[in-house]
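Everything below concerns the one structure shown next.
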Amino acid sequence: MKMANFTLHHLLPCLLFFAAPLVAFPASTPDDFLQCLSLHSGNAFAISKLVYTPMNSSYSSVLDITIQNLRFLTPFAPKPIYIVTPLNVSHVQAAILCSRRYGLQMRTRSGGHDYEGLSYLSEVPFVILDMVNFRLISVDAEDKTAWVQSGATAGELYYRIAEKSKTLGFPAGLCPTVGVGGHFSGGGYGTLLRKYGLAADNVIDAQLVDAQGRLLDRESMGEDLFWAIRGGGGGSFGVVVSWKVKVVPVPSIVTVFTILRTLEQNATKLVHQWQLVANKLPNDLLIRLILQSNNSGPNGTRTMQASFNTLYLGGVDSLLEVTRSSFPELNVTRQDCTEMSWIESAVYFAGFPKGTPLEILLNRSSNTKTFFKNKSDYVREPIPESGLEGMWERFFEEDEGVAQMIWNPYGGKMAEIPESAIPFPHRAGVLYKIQHITAWTTGGNEVAPKHVSWIRSFYSYMAQYVSKLPREAYINYRDLDIGMNNVIGSTSYKQASVWGKKYFKKNFDRLVRVKTVVDPENFFRHEQSIPPFSS
Ligand SMILES: Cc1cc2nc3c(=O)[nH]c(=O)nc-3n(C[C@H](O)[C@H](O)[C@H](O)COP(=O)(O)OP(=O)(O)OC[C@H]3O[C@@H](n4cnc5c(N)ncnc54)[C@H](O)[C@@H]3O)c2cc1C
Ligand SMILES: *[C@@H]1O[C@H](CO)[C@@H](O)[C@H](O)[C@H]1NC(C)=O
Ligand SMILES: *[C@@H]1O[C@H](CO)[C@@H](O)[C@H](O)[C@H]1NC(C)=O
Ligand SMILES: *[C@@H]1O[C@H](CO)[C@@H](O)[C@H](O)[C@H]1NC(C)=O
Ligand SMILES: *[C@@H]1O[C@H](CO)[C@@H](O)[C@H](O)[C@H]1NC(C)=O
Ligand SMILES: *[C@@H]1O[C@H](CO)[C@@H](O)[C@H](O)[C@H]1NC(C)=O
Ligand SMILES: *[C@@H]1O[C@H](CO)[C@@H](O)[C@H](O)[C@H]1NC(C)=O
Ligand SMILES: *[C@@H]1O[C@H](CO)[C@@H](O)[C@H](O)[C@H]1NC(C)=O
Ligand SMILES: *[C@@H]1O[C@H](CO)[C@@H](O)[C@H](O)[C@H]1NC(C)=O
């Protein structure tokens with residue numbers, strides 16, 4: 001592997017406080033940063049054509065295009081001084097070097113799906129390194145591996161794999177527009193999780209540029225850092241340029257169904273029963289649950305609607321045998337089921353109607369952007385029916401269709417992987433994960449306080465039913481409510497460990513040790529990045 005051929009200027013040791021300049025060269029004029037980039041980006045493509053400032057007419061469209069959460073798509077949100085869209089590794093290296101030199105914070109963005117917008121927002125002067133041009137995907141169907149650059153989306157990866165073979169797939173997110181840069185960094189789950197685990201469980205090599213600007217691979221970064229980047233969360237250890245993954249076998253025919261049941265159709269009992277069976281089903285069967293309120297009850301009254309959203313890795317005949325023996329209460333019938341290829345199921349789970357061309361998976365703006373606030377929980381004991389009824393009552397206090405929960409069953413492969421194998425620790429003993437959602441399209445940011453306060457109060461109600469000490473949470477569902485966040489420029493292990501233990505349990509301490517070795521000056525940082533031990 002080719003290594004960086006420049007060295008960083010000596011850095012001052014005091015880096016704990018941002019107000020003290022990182023280095024001796026404050027950004028006096030914008031040109032200094034740009035000149036620095038040109039100077040350090042080697043003979044590659046002229047970097048000035050890849051840098052946007054607010055003076056460039058396309059600055060806003062480049063900034064806004066991948067912002068997923070409309071809450072942060074406002075003129076009042078903090079804006080970057082520069083957006084750098086590298087084409088070559090040398091551009092990534094130059095962006096790191098020059099951001100350090102001029103005391104600018106750098107935020108790396110791949111797909112822009114961070115729930116709290118940490119890949120494109122900062123309270124201090126900052127640069128966005130946008131990996132949008134790093135999109136190459138090369139699939140080796142024979143070897144069952146692929147290299148995928150970090151700016152590619154999960155949908156692009158699925159599509160390129162399917163181009164090579166209809167019996168290969170990859171266990172990453174249901175939403176095709178998530179960027180693999182952030183998504184794999186935090187774990188990454190989708191319809192294949194009970195069979196093959198997370199995306200990060202299937203990463204076998206990576207290229208990363210570290211805070212010194214060195215280009216590293218698995219061998220040169222060593223097993224500790226390679227461990228940390230597979231689930232320790234994006235934006236803490238370096239810039240991932242590309243991942244090498246194992247692609248996995250899928251049958252040529254899979255079966256899907258989505259069965260809706262309301263309270264009048266015994267949804268409460270079915271949801272309760274689901275908790276007892278969903279994590280014990282064969283690994284080939286994933287039944288997710290989507291819960292929301294609906295005004296379709298008797299005489300237009302409020303009811304709850306439970307959607308049993310399912311992928312089976314096999315044909316309809318064997319699916320019906322499995323559901324009859326393991327979840328007869330759901331009464332799955334042949335008419336509920338549709339057979340298709342795995343790649344078609346990726347389109348189905350992304351929410352597109354049957355017959356939508358597969359090319360929709362290549363469309364980076366295909367999902368509907370909304371205003372939202374999501375949170376997560378892990379459930380280790382079934383919630384009693386009375387607890388479910390309490391949840392429905394609270395749903396009825398929120399506007400119709402705004403609140404949602406998505407329950408994803410674990411078990412299978414997820415329970416077999418040890419908690420310390422990668423930083424993602426939610427394994428054996430987890431029945432399912434809850435994603436709490438409040439998402440609205442009308443009323444804009446004006447109504448945000450109302451919806452955000454609803455979800456916070458719902459989350460408090462749920463405390464009695466979910467994992468405790470720590471109350472576990474999924475790093476890819478980033479939530480700035482769950483502990484005191486890093487004050488940019490100062491770091492406290494003790495403060496960070498509150499959210500750190502929720503996301504990573506005991507793995508948090510190892511992440512801090514790795515960070516202390518590879519980025520002791522805390523160049524890669526954000527409100528919930530892994531802090532180094534401070535001296
Ligand atoms: C609509 C929607 C659907 C989703 N569906 C799923 C799902 O099905 N399954 C699931 O597991 N998750 C899902 N997520 C969550 C998603 O996995 C995380 O938000 C993930 O971090 C997104 O990665 P990204 O590259 O798109 O985000 P970004 O916002 O670009 O990045 C997220 C974080 O990673 C850092 N980062 C980005 N690129 C790099 C890089 N190249 N190197 C190092 N750090 C980097 C960023 O700085 C930031 O801290 C969904 C999110 C949304 C908004
Ligand atoms: C830089 O990237 C471009 C586009 O990917 C490629 O054509 C070119 O060869 C690269 N140059 C170097 C020096 O790597
Ligand atoms: C932005 O504007 C500057 C100054 O006109 C120009 O040099 C640069 O190439 C522009 N950037 C892009 C990406 O077009
Ligand atoms: C709901 O459950 C009751 C009692 O178990 C049963 O009699 C009834 O048929 C069920 N209703 C539906 C729609 O399945
Ligand atoms: C509400 O229920 C009706 C009838 O089952 C259904 O057609 C509609 O799609 C549901 N609304 C939502 C928001 O899911
Ligand atoms: C629905 O409304 C009709 C007419 O008002 C009434 O007769 C009926 O009892 C109502 N049904 C229920 C389930 O409330
Ligand atoms: C199962 O579903 C079928 C078709 O919808 C229906 O006819 C039958 O009554 C249901 N059986 C039970 C036990 O609910
Ligand atoms: C991508 O999807 C969006 C929303 O569905 C659509 O408006 C747009 O035309 C699509 N773009 C392409 C290139 O297909
Ligand atoms: C989180 O909220 C978004 C915004 O509406 C919603 O579309 C999505 O369902 C949630 N995320 C995931 C992964 O489902």
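When a ligand or atom number is given, it counts from 1 through the structure's own listing order.
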Notebook entry, point to check: Yes or no on salt bridge (charged side-chain N to carboxylate O under 4.0 Å, His left out) for Glu116 and Lys373, after CA distance, side-chain angles and deciding distance?
Noted result: CA-CA 8 Å; Glu116 301 278 14; Lys373 172 71 191 164; 2.7 Å; yes
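- Geometrically, ligand 3 and Leu50 share no nitrogen or oxygen pair separated by less than 3.5 Å.
- In terms of the ring-ring contact (aromatic ring centres under 6.0 Å, His included) criterion, residue partners of Tyr432 (sequence neighbours excluded) are, by chain and number, Trp274, Trp407.
- The contact set between ligand 3 and Tyr52, taken as ligand atoms under 4.0 Å from a residue heavy atom, comprises 13 (C).
- Every pair passing ring-ring contact (aromatic ring centres under 6.0 Å, His included) that includes a residue from residues 151-183 is listed here, sequence neighbours excluded: Tyr158-Trp342, Phe170-Phe184.
- For the pair Arg334 and Asp317, the salt-bridge criterion is met [side-chain N within less than 4.0 Å of a carboxylate O].
- Under a 4.0 angstrom heavy-atom cut-off, Met55 registers as lying outside contact with ligand 3.
- With respect to Tyr115, the side chain to side chain donor-acceptor pair (under 3.5 Å) criterion is satisfied by exactly one of Asn374, Asn69, Asp479: Asn374.
- Listed by number with element, the atoms of ligand 3 under 4.0 angstrom from any heavy atom of Val51 are 11 (N), 12 (C), 13 (C).
- Neither the backbone nor the side chain of Thr85 has any atom closer than 4.0 Å to an atom of ligand 3 (non-hydrogen atoms only).
- Of the possible polar contacts, one joining the Arg261 side chain to the Leu330 backbone as a donor-acceptor pair under 3.5 Å is found.
- For ligand 3, none of its N or O atoms has an N or O atom of Lys49 under 3.5 Å away.
- Inclusion of Glu264 in the set of residues having an N or O under 3.5 Å from an N or O of ligand 4 is not warranted.
- Near Ser48, meaning under 4.0 Å from any of its heavy atoms, are these atoms of ligand 3: 8 (C), 9 (O), 11 (N).
- Under the ring-ring contact (aromatic ring centres under 6.0 Å, His included) criterion, Tyr461 pairs with Tyr465, sequence neighbours left out.
- Among all heavy-atom pairs drawn from Gly188 and Asn476, the shortest one is N-ND2, 3.6 Å.
- The contact shell of ligand 8, taken as protein residues with any non-hydrogen atom closer than 4.0 angstrom, comprises Asn363, Ser365, Ser366.
- At most 12 heavy atoms of other shown residues, nucleotides or ligands fall within 6.0 angstrom of atom CD1 in Ile65.
- Of the N and O atoms on the side chains of His526 and Ser122, not one donor lies less than 3.5 Å from an acceptor on the other residue.
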